[in-house]
Every structure is written in structure tokens, then in C-alpha cells.
J.: 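There's a structure below that I have some questions on.
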Amino acid sequence: MWAEHVVSNTSFRRTDGDDDPSRFSLDLRLNWSRAIPMSCVAEIGLKIDDIPVVPESIIVAQGGEGLRLADWQTRDDIWWPVLEPSTVTASTESPLADGMHKIEVELRIRVPGFAPSPTGVWPTRFNRVTIEEELS
Amino acid sequence: MTIDGLSDTPRLGTTLFSFTREYLAGEWSLTQCMQAAASLGDEHNVEILDAEHITSYPKLSSTAERAFRSAVDDSGVRLSLYGHEVEYGWVFGQPFDHDRMVEVVVEAMEIASRLGFPMFRANMPKPELLQRLLPHAERLDLDLVVELHAQTIESPDIQALLTAFDDWQSPRVGFLQDLGSFTSKVPRAFLEYKANTGVSDAVLDLIEQGYREGRPKEDVLAEIRALGEDTLAIETTNECFAMFVRTNPDTLTGVGSYLRHVHTKFYEIIDGEEPCIPYPEIIARLKEMGFNGILSTEWTGFNFIDESVALQQVRAQQQMIRRLWQVSGHVQR
């Protein structure tokens with residue numbers, strides 16, 4: 001419950017220094033009460049107005065670096081602190097108009113403090129949040 | 001203290017984890033969390049969770065250290081326990097080997113010592129790993145406690161640890177008992193929250209009744225599957241039986257003199273009582289045992305109650321504990 005509360009303020013905006021009308025940024029807070037290494041961010045899903053963003057376009061910025069999620073998977077040198085957002089930048093298939101938009105965010109993280117199962121399955125924490133924010 | 005060396009006041013403290021909602025929502029700073037804890041009593045002992053409250057975790061930056069020390073100084077709290085969670089790995093498919101696991105814990109112990117904590121939570125999965133921490137505990141002047149919660153004193157792994165404690169005869173090691181181990185009923189707020197997420201009343205009734213009657217999770221799951229319920233119902237059942245642990249408070253006696261610290265876990269105080277954990281029985285048992293460690297309040301109701309009521313709840317719970325301690329009779333410390 002608190003996680004939805006915390007994740008819900010995304011500061012949805014057009015990406016700084018980018019004239020592409022389909023490109024946007026938002027701030028994403030961690031859905032866990034302990035910092036995690038960026039290597040533990042398992043999945044980020046985004047829909048704008050019920051349409052998934054282009055998955056390959058998603059860049060996640062933390063600790064001064066912006067990488068695709070796949071490239072974060074071995075990076076345990078940069079951590080996501082609980083009080084700071086990661087900035088997610090992505091593109092929609094079509095240009096984004098000014099005005100209100102429905103944003104769906106999915107975030108799944110692996111929890112380093114939970115032991116993996118004998119078969120190697122690592123416990124995760126998942127949240128899906130749907131909000132409306134204005135783009136201008 | 002009363003006459004004859006008898007005490008009628010418990011040693012209370014607060015885990016800052018209780019204020020997670022306020023802290024993570026940005027409503028309270030770390031200093032404000034500590035000030036809230038300090039407002040609860042004269043001798044107020046504060047426990048932290050490192051990965052939550054040390055902003056540069058897993059390292060201690062000079063900025064984070066200054067901020068932490070400033071919060072302690074400004075609030076006047078006493079530091080009690082450094083809450084660390086043993087981590088099993090940071091990269092998928094590459095779990096820590098034992099050497100790396102110990103190394104990461106020792107780094108956290110260094111931080112705990114530097115910040116002035118006297119006690120460190122080290123939930124090492126095996127006695128031989130905990131034993132490797134002992135020289136560091138001596139060097140850093142830290143006591144090490146292993147938490148009993150999902151794993152109770154009756155669990156085989158913990159029994160092995162108990163045997164090891166007997167062998168080691170070290171004053172540096174002991175147990176932290178989380179009173180969530182003695183949850184006898186599913187909290188009302190949990191059921192309400194789950195109802196709001198779409199879990200049916202029929203499923204929640206089965207979960208509530210099954211848990212209260214002490215039935216195995218698999219039996220409850222079988223009944224829920226028989227109703228043709230969906231994944232959400234199954235997940236809710238699993239979550240309930242993982243989050244709440246039902247054992248008999250009599251098992252506290254088995255922890256004996258190794259009991260060093262207590263998480264006075266609670267979910268919601270209603271009319272001055274915690275309806276889901278048998279506090280009168282537990283407090284009486286702790287007094288019988290002559291427990292003189294810290295009763296550290298841990299409120300986890302923020303997982304189901306989306307209101308900023310943490311301080312009100314913590315204060316009410318500590319009032320309840322003071323009252324129960326006084327009426328439980330006088331025991332010499």
C-alpha cells in the first residue's frame with residue numbers, strides 16, 4: 001500500500017533536451033523499503049493511455065548513468081536508494097499530445113535479503129500502479 | 001525501580017521501520033523519525049534498518065554519516081540495534097558464496113560500530129557463518145543477535161544455533177525475538193486491504209478462520225482452490241501465512257537466557273489492545289524470565305493502513321506495554 005503511495009508521483013514530463021514528441025521521462029521510486037543494487041531491478045513496464053511503450057526505448061537512469069534494463073543486470077556497483085527516484089525515459093509509438101494521460105507503471109525487483117529457492121528462483125516484489133498526470 | 005530492587009518499568013524502544021510510510025513518502029526526515037521516537041519517553045532506544053536509513057547503503061559516505069549523527073544528536077535518542085538483513089546475492093544467477101556473504105556482513109558491522117551501535121542483527125543461515133563473525137564482533141565491540149520470527153526457536157536450524165551458542169559460551173551472541181511469531185489472528189486491516197484489492201469475502205473468511213484455528217496453509221489453499229478461486233486468492237493466502245506466524249508464546253521459555261532484544265511487533269491497537277497478538281501472556285512471560293533487554297516497538301500496520309498514524313499507533317502500543325508490565329507483577333532483575 002505504501003509502495004503505491006510512494007510510486008504514484010512520477011513527475012511525468014517531456015524529456016529534457018529532446019524534441020521527439022513521443023519521448024517522455026518520469027521519476028520512479030523504489031517499491032521496497034530497502035535500497036537495492038540496480039542489478040536487482042528485474043522488470044519495468046510502462047503503458048501510456050493503455051498502449052505499451054516501445055520496450056527497447058526504455059532507459060533507466062540512476063547514480064549518474066543511464067542504461068537499458070538489460071545492461072543494469074550485472075551492475076551491483078550502483079544502488080537505488082529508497083529516498084531517490086530512478087528516472088525512466090521511453091518513447092511511445094505515436095507523438096504524445098499535451099494534456100492528461102493515463103500512465104501504468106509496473107516494477108518488479110529481486111529482493112537481495114530473500115534467499116533464492118533451491119531451483120534458483122529469486123523472490124521478487126511487484127507493484128503495478130495506474131495514475132493520471134498532465135503532460136505539457 | 002521499586003523497593004527490593006524490583007522494577008515496574010520496561011525498557012522501551014522503537015524501530016524506525018515503524019515510520020516507513022512517513023519516511024518514504026517524504027513526510028518525515030530521518031531526524032523527524034528519531035524525534036518522533038524520542039517523544040515517546042525519557043529513555044528512548046532507537047533501532048534502524050541500514051538499507052533504509054543509511055542513505056549511502058551499502059557504504060557509509062561522509063555525507064550520510066554526518067546526516068545520521070546529526071539526526072541522533074538533534075533528537076537525543078539512544079542507539080539500540082543496527083538492523084541488517086543478510087543478503088544472498090546482488091546479481092541474478094550469482095548467489096553469494098559463504099566468503100562473500102560474510103564479507104558483506106562484516107562491512108555492515110563496521111558501519112554499525114562506527115555509528116555507535118552496541119548490537120547488530122546478523123541472521124546468518126548457518127552457525128559456522130555466524131561463528132566467523134565473532135572475532136569481528138569482539139574487535140568492533142558489537143553484540144550479535146539472530147532474529148526469531150518466521151524461524152522460531154523450535155525450527156531445526158535455530159535448534160542447531162542454540163546448540164552452537166551453548167558450545168561457544170560467548171556473551172556476544174543471542175536472539176532477537178520478534179513477537180510477530182505469536183500472531184494468533186489475521187489483522188482486521190490486512191483483510192480490509194485485501195478486500196479492497198478484489199479478494200472475495202468468501203476467500204478472506206476461509207483465510208481468517210483457517211489461520212485463527214491454526215490449520216495448515218495447504219489445507220486452506222486446498223479449500224480455496226476448490227472454490228475455483230484465482231491467482232489473487234492463492235497469492236493472498238500465501239502472503240498471509242508468510243507474513244503472520246502462529247506459534248505458542250510458551251516457546252519463549254526455550255529462548256531462555258539467550259534472549260537479548262525483542263521486537264514488540266504489532267499491527268493495530270484497537271481500544272488500547274492488540275487483538276492479534278496475546279500481549280498480556282507474552283509480557284507476563286517476559287517478566288517471569290527476568291528479561292531486561294529492550295522492547296523495541298515495530299509497527300507494520302503501514303502495509304495495510306494508508307494513513308499517517310504511525311506515531312499515534314506506536315504511542316498507544318507502548319502505553320499498553322507499560323500497563324501490562326506493571327500489572328504482571330514484580331520480578332527481580
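The chains referred to below are lettered A, B, ... by the order of the sequence lines, with proteins before strands, and numbering in each begins at 1.
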J.: Kindly indicate whether the side chain of Thr74(A), heavy atoms from C-beta on, has any atom under 4.5 Å from the side chain of Phe92(B).
T.: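 Heavy-atom side-chain distance check fails, nothing below 4.5 Å.
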J.: Select one option (side chain, backbone, both, neither) describing which atoms of Glu85(B) are under 4.5 Å from chain A's heavy atoms.
T.: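 Glu85(B) touches chain A through side-chain heavy atoms alone.
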J.: With the side chain counted from C-beta on, respond yes when Arg34(A) and Leu49(B) share a heavy-atom pair under 4.5 Å apart, and no when they do not.
T.: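 Yes; the side chains approach each other to less than 4.5 Å.
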J.: Within this structure, what is the CZ-CD distance for the pair Phe114(A) and Glu87(B), rounded to the nearest 0.5 Å?
T.: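 Between Phe114(A) CZ and Glu87(B) CD, I get 11.5 Å after rounding to 0.5 Å.
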J.: Where do Arg29(A) and Leu24(B) come nearest, in terms of heavy atoms and distance?
T.: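 Taking Arg29(A) first and Leu24(B) second, the nearest heavy atoms are NH2-O, 2.5 Å.
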J.: Quick check on the interface: out of Ser39(A), Pro81(A), Ala42(A), Pro112(A), who has the most heavy-atom pairs with chain B under 4.5 Å?
T.: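 Ranked by heavy-atom pairs under 4.5 Å with chain B, first place is Pro112(A).
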J.: Could you tell me which of Gly26(B), Pro58(B), Pro95(B) has the largest number of non-hydrogen atom pairs under 4.5 Å with chain A?
T.: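 Counting heavy-atom pairs under 4.5 Å, the top option is Pro58(B).
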J.: More than 12 foreign heavy atoms under 6.0 Å from CZ of Arg114(B): is that the case here?
T.: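 Incorrect, the count does not exceed 12.
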J.: Select, from Cys40(A), Gly113(A), Gly120(A), the one with the greatest count of heavy-atom pairs under 4.5 Å involving chain B.
T.: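 Of the candidates given, the most pairs with chain B belong to Gly113(A).
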J.: Look at the aromatic rings of Trp79(A) and Trp90(B) and report parallel, tilted or perpendicular, splitting at 30° and 60°.
T.: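 Taking Trp90(B) first and then Trp79(A), their aromatic rings stand perpendicular (interplane angle over 60°).
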J.: Can you name the closest pair of heavy atoms from Tyr88(B) and Pro116(A) and give their distance?
T.: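 What the structure gives for the nearest pair is CB-CD, 3.7 Å.
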J.: Using 0.5 Å steps for rounding, measure from the OG atom of Ser33(A) to the NE2 atom of His53(B).
T.: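 The NE2 atom of His53(B) is 8.5 Å from OG of Ser33(A), to the nearest 0.5 Å.
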J.: Around Asp19(A), counting heavy atoms of other residues, nucleotides and ligands shown, do more than 12 lie under 6.0 Å from its CG?
T.: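 Check fails, neighbour count at 12 or below.
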J.: At a heavy-atom separation under 4.5 Å, does Tyr23(B) approach chain A through its side chain, its backbone, both, or neither?
T.: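 For Tyr23(B), backbone and side chain are both near chain A.
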